[in-house]
Asks: 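Take this structure first; my questions come after.
Quick note: numbers below take in every heavy atom, side chains included, and nothing from hydrogens, waters or symmetry partners. Owing to the predicted nature of the structure, the values given are computational and were not obtained by experimental measurement. First the proteins, then the strands, lettered A, B, ... as listed; each starts at 1.
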Protein chains: 2
Amino acid sequence: MDNQPLPAARQRLLDAGLELLLERGYHGVGIQAVLDASLTPKGSFYHHFRDKEDFALQVIDAYMAGVHGALDVSLADVSVPPLERVRGFFGLVAGGYAKDGYLGCLLGGLGQELSGVSPVFAQRIDGCLSYIADRLAEPLDEARSVGDLPPSTDPKALATRLVDCWEGAALRSRLSRDPAPLREMLDFFFHAATRE
Amino acid sequence: MDNQPLPAARQRLLDAGLELLLERGYHGVGIQAVLDASLTPKGSFYHHFRDKEDFALQVIDAYMAGVHGALDVSLADVSVPPLERVRGFFGLVAGGYAKDGYLGCLLGGLGQELSGVSPVFAQRIDGCLSYIADRLAEPLDEARSVGDLPPSTDPKALATRLVDCWEGAALRSRLSRDPAPLREMLDFFFHAATRE
DNA sequence: CATCATCTAGACCACTCGGTCTAGACCAAA
DNA sequence: TTTGGTCTAGACCGAGTGGTCTAGATGATG
């Protein structure tokens, strides 16, 4: 059902929306701006999306598709030590941030802006972050098994902490348009987590 | 010069703005909503503030005045061990979050929403976070001196990491309207930082 | 060709936005 | 009492918003 190639206009709108929402936020982007950026008339927009909220939620889905890909790529190679697989994931993500000029993470941006008034967005984005933590918990558990993390480690809790702290570092990176907070946060985190 | 009591209307507007901006964000709050919430006519608003941007920046100043107060209160008592002073600060901040129903931190909220398009807000908010880290670096340095932190600790870097990770936990707390991410993040952080 | 659903095209609408403007209330000083 | 600055009061404005509507282009199928 989803295997047919996406209509061109729909894909153009999602691509433009991803870029614009990351830069300007939900209320900072008018539908007209998305239309202009993607050279698409308004009729097409409302054919493919129910309204602006539906559009933004589908942009989040598109963003998460990229995250899923990065997770699959990073965590698949079991010949790499588990902690390095986790770091590799964040390396891929940071590489994505670089392409946008270090505007941080769409989940953090929309989450901050909308979660005060929209339970729909709040739950959706909270679920996305939980999903990432769940995926990361597996290699962390493996790392504990092979002795790369202390036996007292709770992999799920550690993964949640890692994702949360990453979002904080992503905010700081966005404020300063600088990748340094991301790398420094990972250095601290892995240094700290491996001690006990 | 600043010692005279603030005009009542100005204070009412700032109070209402703080609450509304935290909940709905910059573009989610119209000036009319601030006027309605503070029972103030529009003429007063534009008498006291140049425009909406100026207003939001002054709301940030008001927010930071509270942070300064919390820092002063928490860090002053040298009879308390330095690491407990730092934790005490975050305890006060978390208590403030509780009063709003765990909507997180205004700096994180406005920072995410506006830093993509407004260098003014980006630099202002980055400066606020840096200031907090600077203040926290002092007790962390003291903790290192008395042996509560490893000698290899870089107090300024550790303080910056702490503030960044706190902002990430505050986002998560906002998404779920739950204080747990805040406490868990602090537990992890202090456990980790005190190991070598 | 004829039919019909899908998608493009953009004019149009009601409404809200940030911001301006004028009028007047209030009060201290002359 | 008159003056003049500060602050309140809200009508008003142009621009832009999200969303609707009708018309037509397109393309697969009978």
Asks: Got a salt bridge between B:R161 and B:D154, using NZ or NE/NH1/NH2 to carboxylate O under 4.0 Å?
Replies: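 No, B:R161 and B:D154 are not salt-bridged.
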Asks: Anything under 4.0 Å to a heavy atom of chain B counts; send over the first and last such nucleotide of DNA chain C, read 5' to 3'.
Replies: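 The contact span of chain B on DNA chain C goes from C:dG18 to C:dT20.
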Asks: Give one of base, sugar-phosphate or nothing for B:K42, where a contact means two heavy atoms less than 4.0 Å apart.
Replies: base
Asks: Indicate yes or no: does A:E167 engage B:R172 in a salt bridge with an N to O separation below 4.0 Å.
Replies: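 So A:E167 does not pair with B:R172 through a salt bridge.
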Asks: Between A:H47 (NE2) and D:dT20 (P), how many Å, whole number?
Replies: 15 Å
Asks: Regarding A:T40 and A:R12, do their side chains bring together a donor and an acceptor under 3.5 Å, going by distance alone?
Replies: yes
Asks: Whole-Å distance between D:dT17 P and A:L20 CG?
Replies: 12 Å
Asks: Send over the distance from B:L35 CG to D:dA11 C1', rounded to a whole Å.
Replies: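 One finds 14 Å between C1' of D:dA11 and CG of B:L35, rounded.
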Asks: Centre of A:F45's six-membered ring, under 6.0 Å away, within 45 degrees of the axis: is that where NZ or CZ of A:K52 sits?
Replies: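 No; the conditions do not both hold, so A:K52 does not lie above the ring face of A:F45.
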Asks: If you measure from the Lys or Arg side-chain nitrogens to the Asp or Glu carboxylate oxygens, is any gap between B:R177 and B:D100 under 4.0 Å?
Replies: no
Asks: For B:V29, which contact category applies under a 4.0 Å heavy-atom criterion: base, sugar-phosphate, or nothing?
Replies: sugar-phosphate
Asks: Could you check whether B:H48 and B:F55 have their ring centres less than 6.0 Å apart?
Replies: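 Between B:F55 and B:H48, the centre distance exceeds or equals 6.0 Å.
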Asks: Just checking B:G30: base, sugar-phosphate only, or nothing, at a heavy-atom cut-off of under 4.0 Å?
Replies: sugar-phosphate
Asks: Rounded off to whole Å, could you give me the CG-to-C1' distance for the A:D51 and D:dT17 pair?
Replies: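 Nearest whole value for this atom pair: 14 Å.
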